[in-house]
S.K.: 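Here it is, the structure in full.
One-based numbering along the sequence shown. Heavy atoms only: backbone and side chains are in, while hydrogens, waters and symmetry mates are out.
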Amino acid sequence: MQAMDATVVSVEKTEGGGSMKWFKHLSGSLNNSLIYELVSEHGSDGYLVFFGTIELMSDEFDIYNPGLNRIPIKKMQKSFQMSRHLLFF
């Protein structure tokens, strides 16, 4: 599988830490082999989990500890409206 190009992010410093405000991705993501395979195998759920996970990661981003990002499974299930089984296709 071909790797996605590096993601570019904008980080705004706040009093309590930093938070990611946006991330840049290719407008032709559906043509990327990784995304194509996800959609081919899992339909729109694959697309949702891929980009939804990036969005959840941006919510949890900490400029002072950028190497660590923990997202509870229950938060992912609620955000994506998926069962644990579907989430871990």
Side-chain angles (χ1 to χ4, degrees):
M1 268 188 261
Q2 175 185 353
M4 297 249 346
D5 291 334
T7 301
V8 178
V9 298
S10 171
V11 178
E12 178 181 299
K13 291 183 181 180
T14 60
E15 190 173 309
S19 60
M20 188 183 301
K21 297 299 179 187
W22 59 270
F23 63 92
K24 179 180 176 182
H25 71 284
L26 299 173
S27 61
S29 294
L30 287 173
N31 294 324
N32 178 277
S33 61
L34 173 67
I35 301 299
Y36 181 83
E37 287 181 37
L38 282 171
V39 173
S40 292
E41 191 169 330
H42 304 288
S44 60
D45 289 345
Y47 193 83
L48 169 66
V49 170
F50 183 85
F51 283 105
T53 300
I54 293 173
E55 288 185 20
L56 290 177
M57 290 175 68
S58 72
D59 289 344
E60 302 295 325
F61 183 81
D62 180 0
I63 193 170
Y64 299 109
N65 195 5
L68 180 64
N69 202 308
R70 295 179 187 198
I71 304 166
I73 298 301
K74 289 194 182 276
K75 181 174 183 176
M76 295 178 81
Q77 286 176 288
K78 185 177 179 183
S79 296
F80 303 156
Q81 298 181 6
M82 290 183 168
S83 69
R84 185 181 188 100
H85 173 72
L86 281 176
L87 193 57
F88 291 101
F89 32 72

S.K.: Report whether Leu68 and Leu56 are members of the same hydrophobic cluster (ILVMFWY, side-chain heavy atoms less than 4.5 Å apart, transitive linking).
M.R.: no

S.K.: Find out whether Met82 and Leu48 are in side-chain contact, i.e. whether some heavy atom of one side chain is under 4.5 Å from a heavy atom of the other.
M.R.: yes

S.K.: Where do Gly46 and Leu38 come nearest, in terms of heavy atoms and distance?
M.R.: O-CD1, 4.0 Å

S.K.: Could you measure the distance from the CZ atom of Phe80 to the CG atom of Asp45? Nearest 0.5 Å is fine.
M.R.: 10.5 Å

S.K.: Please give me the minimum heavy-atom distance between Val39 and Leu30, naming the atom from each residue.
M.R.: CG2-CD2, 4.3 Å

S.K.: Under the 3.5 angstrom rule, does the side chain of Ser58 hit a backbone N or O of Glu55 as a donor-acceptor pair?
M.R.: yes

S.K.: Using every non-hydrogen atom in the two residues, find where Asn69 and Met57 come nearest and quote the distance to one decimal.
M.R.: ND2-O, 3.0 Å

S.K.: Taking C-beta and beyond as the side chain, do Ser29 and Phe50 meet within less than 4.5 Å on heavy atoms?
M.R.: no

S.K.: According to a hydrophobic-cluster definition based on side-chain heavy atoms being under 4.5 Å apart (Ile, Leu, Val, Met, Phe, Trp, Tyr only), do Tyr36 and Tyr47 belong together?
M.R.: no

S.K.: Quick one: are Arg70 and Glu60 in side-chain contact, heavy atoms under 4.5 Å?
M.R.: no

